[in-house]
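As the structure is a prediction and not an experimental result, all values here were calculated from the model.
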Amino acid sequence: MNVIHTIEELRAIILENKQKGKRIGLVPTMGFLHEGHLTLATQARAENDVVMMSIFVNPTQFGPNEDFASYPRDLQRDTKLAASVGVDVIFAPSVEEMYPHDGGIYIRAGQQATVLCGASRPSHFDGVLQVVAKLFNLFQPDFAYFGQKDAQQVAIIQTMVRDYNFPVELRIIPVIREEDGLAKSSRNVYLSATERAQAPAIQQALQLAKQELMASGNVEQSIQLAKRIVEANLEGKTDYLTFLSYPDLTEVTAETQQVLLAAAVYIGKTRLIDNVIFSLKGEPAYV
Ligand code: PAF
């Protein structure tokens, strides 16, 4: 496995593989890999000639009071884990390598970024699109792999790919969970033992709210039920817990095909997100 840090090295590797007609799969990450990332890489391994992973904690997607400085980082550990699932190349650039110019050209996410995480993290998705657009241009991947856990991120990147004609196919992988239902996340390491024991209540609340919506068709009643479960089981605060049409992220109506039930909850200082996507016809659905 090759670990590289510069765009020059990356361009040489991409050129060589493109000239040989190799199919390139990209797994973009911010590192501190967990089973969710490894599942993306495993799928990429099965579908591509070359599997590349970016590991870059992107400062432009963190707000001023967020955890950019303390976000967990361990390249040595990540390298071993990535090698174990057959990643060929890790690109781990510095911030200066990725953003040498304060150039002033930005991509702005649209309406989909005004709700859910976008409501409390106003420039977050602009930062995500900035780095993902750069990564797509640098790697020129045939396939790029993202987790459904970040459902809003997936929907917004899909819109960018569509609207800006990026020649890449997105592969979306279902949420990977711990045995007790907690969605895997690099931020789970922040939880104390007590917080960790409480955290599965988020997924339990989402599942009950989904059942309630399927049974009653009453959005508000289902949301209130889920919020009560979260409040009763967690020492924390709900940032949002809501139903939206997916992937457009507008209000659920009688025409809605796929519903996103999404939550962001603070447990202590740690903000965790989770979601369920389903069809109102009763079939589980993934984009
Ligand atoms: O999902 C993530 O880890 C990040 O938002 C991404 C897509 C790697 C961009 O920094």
Side-chain angles (χ1 to χ4, degrees), residues 1-62 68-107 126-147 150 153-154 157 160-161 164-171 173 186:
M1 149 133 69
N2 211 349
V3 182
I4 57 172
H5 302 280
T6 68
I7 288 174
E8 197 183 341
E9 292 166 291
L10 178 62
R11 283 209 189 281
I13 292 174
I14 298 294
L15 185 65
E16 188 190 333
N17 282 289
K18 289 274 168 195
Q19 280 171 347
K20 288 183 185 156
K22 302 279 189 198
R23 180 186 284 178
I24 296 174
L26 169 65
V27 184
T29 80
M30 298 206 301
F32 213 71
L33 303 179
H34 53 70
E35 213 180 308
H37 298 113
L38 301 182
T39 306
L40 303 185
T42 302
Q43 179 145 346
R45 180 71 281 162
E47 296 177 347
N48 298 276
D49 301 310
V50 189
V51 179
M52 305 207 174
M53 178 179 275
S54 60
I55 295 185
F56 178 60
V57 184
N58 172 37
T60 69
Q61 68 189 74
F62 288 79
F68 172 68
S70 61
Y71 195 85
R73 295 161 169 88
D74 189 340
L75 185 56
Q76 230 180 348
R77 170 185 173 279
D78 287 347
T79 304
K80 281 196 197 121
L81 287 171
S84 74
V85 288
V87 172
D88 299 301
V89 177
I90 287 181
F91 174 55
S94 65
V95 172
E96 294 69 35
E97 184 69 10
M98 283 297 272
Y99 300 120
H101 316 289
D102 188 11
I105 305 282
Y106 301 100
I107 302 177
D126 297 345
V128 169
L129 293 184
Q130 180 181 28
V131 77
V132 170
K134 278 176 80 83
L135 294 172
F136 285 172
N137 284 333
L138 289 168
F139 285 85
Q140 299 166 50
D142 296 278
F143 294 123
Y145 295 79
F146 294 91
D150 299 305
Q153 168 171 284
V154 164
I157 293 172
M160 179 181 76
V161 166
Y164 284 83
N165 309 98
F166 281 94
V168 57
E169 190 174 314
L170 303 185
R171 293 286 217 229
I173 312 299
S186 303

- Item | Beyond-backbone contact of Leu75 with His5, side-chain heavy atoms, under 4.5 angstrom | yes
- Query: Given side chains that start at C-beta, do those of Met98 and Pro59 come closer than 4.5 Å, heavy atoms only?
  - Reply: no
- Item | Side-chain donor-acceptor contact under 3.5 Å, Tyr99 with Asn58 | yes
- Query: Does Lys18 NZ have over 12 foreign heavy atoms under 6.0 Å away?
  - Reply: yes
- Task: Using the six-membered ring of Phe56, assess whether NZ or CZ of Arg73 lies under 6.0 Å from its centre and within 45 degrees of the ring axis.
- Result: no
- Query: When Met52 is tested against each of Ile4, Val27, Asn2, Ile13 for side-chain contact (heavy atoms from CB on, under 4.5 Å), which residue passes?
  - Reply: Ile13
- Task: Take the angle between the ring planes of Phe166 and Tyr164 and call it parallel below 30°, perpendicular above 60°, tilted in between.
- Result: tilted
- Item | Heavy-atom pair with the smallest gap, counting every atom of Ala41 and Met53 | CB-CE, 4.2 Å
- Message: Looking at every heavy atom in both Ile90 and Ala82, which two are closest together, and how far apart are they?
- Response: CD1-CB, 3.8 Å
- Task: Please tell me if the side chains of Val57 and Phe62 come closer than 4.5 Å, counting only heavy atoms from C-beta onward.
- Result: yes
- Query: Is there side-chain contact between Gln130 and Ile107, with heavy atoms separated by less than 4.5 Å?
  - Reply: no
- What's the shortest heavy-atom distance between Met1 and Ala83, and which atoms? CE-N, 3.2 Å
- Query: What's the shortest heavy-atom distance between Val85 and Thr42, and which atoms?
  - Reply: CG1-OG1, 3.6 Å
- Flag the pair Ile24 / Gln140 as yes when at least one side-chain heavy-atom distance between them is below 4.5 Å, and no otherwise. no
- Taking the side chain from Arg77 and the backbone from Leu33, do they hold a donor-acceptor pair closer than 3.5 Å? yes
- Task: Evaluate the side-chain proximity of Phe91 to Ile7: yes if any heavy-atom separation is below 4.5 Å, no if none is.
- Result: yes
- Query: Is it the case that Glu97 and Ser94 place a side-chain donor and acceptor less than 3.5 Å from each other?
  - Reply: no
- Task: Go through the steps to decide whether Tyr106 and Leu129 satisfy the test side chain to side chain contact (heavy atoms under 4.5 Å, CB included), and finish with yes or no.
- Result: CA-CA 9 Å; Tyr106 301 100; Leu129 293 184; over 6 Å; no
- Could you check if a side-chain atom of Asn17 sits within less than 4.5 angstrom of a side-chain atom of Asp49, using non-hydrogen atoms only? no
- Which atom names give the shortest non-hydrogen contact between Gly25 and Tyr145, and what distance separates them? CA-CE1, 4.2 Å
- Message: Rounded to the nearest 0.5 Å, what separates atom NZ in Lys80 from atom CG in Asp74?
- Response: 8.5 Å
- Message: Are the side chains of Leu81 and Leu38 in contact, using a 4.5 Å heavy-atom criterion?
- Response: yes
